[in-house]
Amino acid sequence: MPTPDPFRVFDPPALRRHRTRAAAAAGAGDFLFAASAERIAETLGEIKRRFPRALDLGSRGGLLARQLSGLDGIEHLIGADTVPAFAPDLVLEPEALPFAPGCFDLVVSNLLLHWTNDLPGALLQIRQILKPDGLFLAALFGGETLTELREALIEAEAEIENGASPRVSPFADARDLAGLLQRAGFALPVAESDRLEATYADAFGLMRDLRLMGETNATVERRRGFTRRTTLMRAAEIYRARHAGADGRIHARFEIITLTAWAPDAGQPKPLRPGSATTRLADALDTEERSSGNKPTP
Amino acid sequence: MPDTATDIDPRLLEILVCPLTKGPLSYDRTRHELLSAQAGLAYPVRDGIPIMLVDEARSLSDDEKAALAGKA
C-alpha cells in the first residue's frame with residue numbers, strides 16, 4: 001500500500017469526475033456559484049481600471065464571464081477549467097498554470113481554489129502570470145462551510161461504525177488566506193467573509209445538491225464505496241434534531257471568502273517605515289506633548 | 001477563413017507555455033498537439049481546446065524529441 005502523502009489532501013481526478021457530472025446537470029446546483037459570481041462582478045465593477053487581458057480560473061461554463069460581460073474594462077477574457085465540459089478556452093490544473101510570466105492584467109476565480117492541494121504554490125503562480133499592478137480576485141469556500149453536515153456525519157459514523165473518516169473537505173479561513181497571499185508576494189491583500197444559508201427538506205436533499213454542484217468530498221482519504229444506509233439515516237436524524245427550523249426544514253451554512261490582492265508595483269501605496277515621520281503628532285493635534293510617565297528606569 | 005471551431009485562438013496560443021517546465025511549446029496543427037521539448041510531452045488539443053494536464057499528455061518518442069531539437 002502506498003504511503004499517503006500528507007500534502008496531497010485532494011484527489012484531482014475525483015474532482016474532475018465531480019465537475020464533469022456537475023456540467024451534465026446544466027446549472028441545477030449553481031445558486032451558490034451564481035451568488036458568488038455576482039459578488040465578484042460587483043467588486044470588480046467598483047474598481048475603475050482597464051483589464052485588457054483577463055483569465056477566468058474555474059470558468060464553470062462561463063458562469064462568471066456572463067456576469068462580467070457588462071463591464072467595459074475587460075477586452076479579452078480567457079476561460080479555463082479543470083474539465084473540458086466546463087472550459088470555453090482551455091483545460092488546466094491551478095497548481096500547474098500553462099501561461100508565460102506577466103501576461104494577464106486580471107485573474108478571477110469563482111469557487112475553485114478551495115480544492116487546491118498546494119494553495120501557496122498556486123497563488124505564487126497566479127502572482128507570476130500577472131503583470132505588475134495586476135489584480136487577483138477570487139472566491140473560495142471558507143472554514144464555516146457545511147459544519148453542520150460534517151458534525152452530523154462524524155457523529156453518526158462514530159456511533160454506528162465505531163470510527164470516523166473525513167466526509168466533508170477541509171477549508172481554509174479568511175485569516176489564513178490573507179497570510180498566504182502575502183507570502184505569495186501579493187501587495188494589499190484583503191480577505192472578506194460572507195455567510196449564506198440555504199434550507200433543505202432533509203440532509204439527503206443537501207447531499208443531492210452538493211452532487212449537482214460537483215462539490216462532494218474529493219479528499220484522498222475519503223471512504224471508497226457506499227456508506228452504510230443506517231449511518232446516513234442516523235446522520236440525517238442528528239442534523240434534523242439540531243438544525244431544523246420551525247417549518248421542519250434543515251439549515252445549511254456556507255461561508256464564501258472573497259480575496260483581492262495586487263501583483264506588486266513600485267507605484268502602489270506602502271506603509272511608511274517606523275520613525276520616518278517629519279512632523280510631530282502633538283503639532284498635528286495642536287496639543288502639548290507629554291510623557292506617559294512609563295519610561296523604563298535605567 | 002481559418003477553421004475557428006477546431007483551431008486554438010491565436011491570442012491564447014501566444015501566451016501558452018508548458019505547465020510542467022514553463023518552457024515554450026510548438027503547435028503541431030496536423031496532429032492537434034502542443035509539444036514541449038523540455039518536458040518531452042505532447043498536450044492534446046481537442047475541438048480547439050488545449051488540454052494542459054500533465055496526466056493527459058503523451059510522452060514524445062526519441063525521434064520526435066530529436067526533430068524538435070533540430071527545429072529549435
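Lettering of chains follows the sequences in order, A, B, ..., and the numbering in each one begins at 1.
Interface with chain B: from residues 85-97 of chain A, residues A:Ala87, A:Pro88, A:Asp89, A:Leu90, A:Val91, A:Leu92, A:Glu93, A:Ala96, A:Leu97 qualify, criterion being any non-hydrogen pair under 4.5 Å.
With sequence neighbours excluded, the residues satisfying side-chain contact (heavy atoms from CB on, under 4.5 Å) with A:Arg127 are A:Leu124, A:Phe186, A:Pro264.
Of the atoms belonging to B:Ile15, heavy atoms from both backbone and side chain fall under 4.5 Å from chain A.
Atom CZ in B:Arg11 sits 9.5 Å away from atom CD in A:Glu75 (nearest 0.5 Å).
For chain A, the option among B:Val54, B:Leu25, B:Ile51, B:Asp9 with the highest count of heavy-atom pairs below 4.5 Å is B:Ile51. The candidate with the highest count of non-hydrogen atom pairs below 4.5 Å against chain A, out of B:Asp55, B:Leu34, B:Leu20, is B:Asp55.
In B:Arg58, the CZ atom is crowded: over 12 heavy atoms of neighbouring residues, nucleotides or ligands sit closer than 6.0 Å.
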